[in-house]
J.: 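Provided herewith is a single structure, encoded as structure tokens, for subsequent inquiry.
So you know, we letter chains A, B, ... as the sequences are listed, proteins then strands, and number each from 1. All values below come from the heavy atoms of this structure, side chains included, with hydrogens, waters and symmetry mates left out.
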Amino acid sequence: MPELPEVETIRRGLLPIVGHTIVGCDVRRRDVVRDRTNGSPNPRRGSIEPSALGVGSVVDELVRLGKQLGIVVRDPCGQERVIVVQLGMSGQVSLVDSARIPDAKHVHLVWALDDARRVCFRDARRFGGVTLLGSRSDLDGFWAPLGPDALEITAGQLRDGLGTSTRAIKAALLDQGVIAGVGNIYADEALHHAAINPCERCSDLRTDQIRALAKAIRGVLREAINARGSTLRDYRDPSNEPGEAQLMHRVYARAGLACLSCGHVIEQCRIAQRSTCWCPVCQPINR
DNA sequence: CGACCCCTGCGC
DNA sequence: GCGCAGGGGTCG
């Protein structure tokens, strides 16, 4: 579900918890947690240390790279830990006050704050989860495989990430190692804005097209954040409010409809196992 | 690289 | 019932 704009909207919606102490964590489904606080490469078996979940710590900072959210916490000894949240397709994070009982289905984790509010992690499909890191510096290593954050990607970074690959540009945009934060919706939208065919080989893109694409990615994501993310079905911000960025989609999920720019019928195909929509007139293959 | 799998829910 | 869905890891 969530791509960069949705995760950034969640990050902003959670900012009110900064400075508050986590007093408890109810782990309702253990298998959504990957505990790496013991330094071993593989998730540890057995019970999860409450401290690894942030219990007894103050929330210091909320950071984001691409589609991942990092909740940085600090315990009374000054030890920093990070709870990395990945939402997968159906993940949600909500901030509820004490009166609300988080009894919805598929709520897997519930953190209790010192002021009785709760932070809930919900994920029906369980493609998402949280990873517990033992120190702030571990976050750099954990995020090392990710490419530059899509919100601020430069044309040079995008060119370097695409390299001389012959795969379709759409597939490359979905590769978080090339650029972090673009998913199926905003890949299609950015390609349409940049007038690039999603099947175009990366190696066939001209420099001016890569420049246009980097700009389109930044612009599409910025506007989507301003609209507080796209709600197709599940997505809600931490206050349970839907976003409105779906109203701005120009090609995504519009196969068979008229292009909003030129009126031609929007086509659909599959690239990298994901449905892909584009306008054959606005987005011609290079010749 | 692409193919396949993970999982639940929803619309047809 | 079946196919599809905003993600991503692993395999060959």
Side-chain angles (χ1 to χ4, degrees), chain A residues 1-10 28-34 36 41-43 64-69 84-93 104-108 121-131 142-147 150 161-192 198-204 217 220-221 224-225 227-237 242-256 268-277:
Chain A
M1 143 183 38
E3 305 182 31
L4 187 152
E6 291 74 35
V7 177
E8 176 61 17
T9 302
I10 288 169
R28 301 181 180 181
R29 266 202 85 117
R30 175 187 305 266
D31 59 4
V32 302
V33 179
R34 280 169 296 183
R36 299 199 177 182
N42 294 318
R64 180 192 58 73
L65 179 58
K67 306 171 189 174
Q68 300 191 26
L69 175 67
V84 179
V85 180
Q86 293 175 267
L87 296 166
M89 293 279 258
S90 55
Q92 300 178 338
V93 176
K105 281 192 175 179
H106 307 300
V107 173
H108 307 311
F121 173 73
R122 181 168 182 243
D123 184 9
R125 294 175 73 178
R126 271 178 287 126
F127 289 176
V130 304
T131 301
F142 189 70
W143 278 350
L146 297 180
L162 299 179
T164 57
S165 170
T166 56
R167 68 174 156 170
I169 179 61
K170 162 86 183 260
L173 291 181
L174 296 177
D175 183 341
Q176 301 301 294
V178 170
I179 174 172
V182 176
N184 207 34
I185 296 176
Y186 301 109
D188 282 7
E189 293 300 312
L191 287 165
H192 184 260
C199 296
E200 194 75 66
R201 292 180 183 183
C202 297
S203 54
D204 286 347
I217 290 167
V220 162
L221 296 178
I225 291 170
R228 300 179 330 282
S230 297
T231 296
L232 304 183
R233 187 145 96 203
D234 298 330
Y235 171 74
R236 295 294 184 281
D237 74 9
E244 292 180 341
Q246 69 281 1
L247 302 175
M248 304 162 52
H249 296 171
R250 298 187 71 79
V251 283
Y252 178 79
R254 299 198 70 249
Q268 180 172 20
C269 67
R270 279 189 93 75
I271 299 175
Q273 279 67 248
R274 315 301 297 280
S275 86
T276 300
C277 295

J.: Search all heavy atoms of A:Ile10 against all heavy atoms of A:Leu87 and return the closest pair with its distance.
T.: CD1-CD1, 3.5 Å
J.: Atom CG of A:Leu65 to atom P of C:dG7: distance rounded to whole Å?
T.: 15 Å
J.: Of all residues at least two apart in sequence or in a different chain, which pass the side chain to side chain donor-acceptor pair (under 3.5 Å) check with A:Gln176?
T.: none
J.: Tabulate protein N/O versus nucleotide N/O from nucleotides 2-5 of chain C, keeping only pairs under 3.5 Å, one per line.
T.:
from, atom 1, to, atom 2, distance (Å)
C:dA5, OP1, A:Ser275, OG, 3.0
C:dA5, OP2, A:Arg270, NH1, 3.2
C:dA5, N3, A:Arg125, NH1, 3.1

J.: From the 5' end of DNA chain B to its 3' end, which nucleotides mark the outer limits of contact with chain A, defined by a 4.0 Å heavy-atom distance cut-off (strictly under)?
T.: B:dC1 to B:dC10
J.: Please state how far atom CD in A:Gln68 lies from atom P in C:dG7, giving the value in whole angstrom units.
T.: 13 Å
J.: Let me confirm one number: the OH-CG distance from A:Tyr186 to A:Leu221, rounded to the nearest 0.5 Å.
T.: 7.5 Å
J.: Please report, rounded to the nearest Å, how far the P atom of C:dG6 is from the CD1 atom of A:Ile185.
T.: 7 Å
J.: Which residues satisfy the side chain to side chain donor-acceptor pair (under 3.5 Å) test with A:Arg228, sequence neighbours excluded?
T.: none
J.: Any chance you could measure A:Arg122, atom CZ, to A:His106, atom NE2, to the nearest 0.5 Å?
T.: 7.0 Å
J.: Which distance, rounded to the nearest 0.5 Å, do you find between the CZ of A:Arg201 and the CG of A:Leu162?
T.: 14.5 Å
J.: With A:Arg254, which residues qualify under salt bridge (Lys or Arg N to Asp or Glu O under 4.0 Å), at least two apart?
T.: none
J.: Only counting residues at least two apart or in another chain, list the ones meeting side chain to side chain donor-acceptor pair (under 3.5 Å) with A:Arg250.
T.: A:Ser261
J.: Quick one: list whatever passes side chain to side chain donor-acceptor pair (under 3.5 Å) with A:Glu189, sequence neighbours left out.
T.: none
J.: My understanding is that only residues two or more places apart in sequence, or in another chain, count here; which of them pass ring pair (Phe, Tyr, Trp, His ring centres under 6.0 Å) with A:Tyr252?
T.: A:His249
J.: Rounded off to whole Å, could you give me the CD-to-P distance for the A:Gln176 and C:dG6 pair?
T.: 14 Å
J.: List for me each residue that meets side-chain contact (heavy atoms from CB on, under 4.5 Å) alongside A:Arg29, sequence neighbours excluded, and say none if there are none.
T.: A:Asp31, A:Val32, A:His108, A:Arg126
J.: Could you run through DNA chain B and flag its stems, i.e. three or more consecutive Watson-Crick or G-U pairs with both distances under 3.5 Å?
T.: B:1-6 with C:7-12, B:8-12 with C:1-5
J.: For the OG atom of A:Ser230 and the OH atom of A:Tyr235, what is their distance to the nearest 0.5 Å?
T.: 9.0 Å
J.: Got a list of protein N/O to nucleotides 10-12 of chain C N/O distances below 3.5 Å?
T.:
none

J.: For the P atoms, the ones on B:dA3 and on C:dC4, what distance do you get once it is rounded to whole angstrom?
T.: 15 Å
J.: Rounding to an integer number of Å, can you tell me how far A:Gln86 CD sits from C:dG8 P?
T.: 7 Å
J.: Does anything in residues 161-173 of chain A form a salt bridge (Lys or Arg N to Asp or Glu O under 4.0 Å)? List the pairs, not counting sequence neighbours.
T.: A:Arg167-A:Asp175, A:Lys170-A:Asp188
J.: Does C:dG6 have OP1 or OP2 under 4.0 Å away from a side-chain N or O of A:Lys67?
T.: no
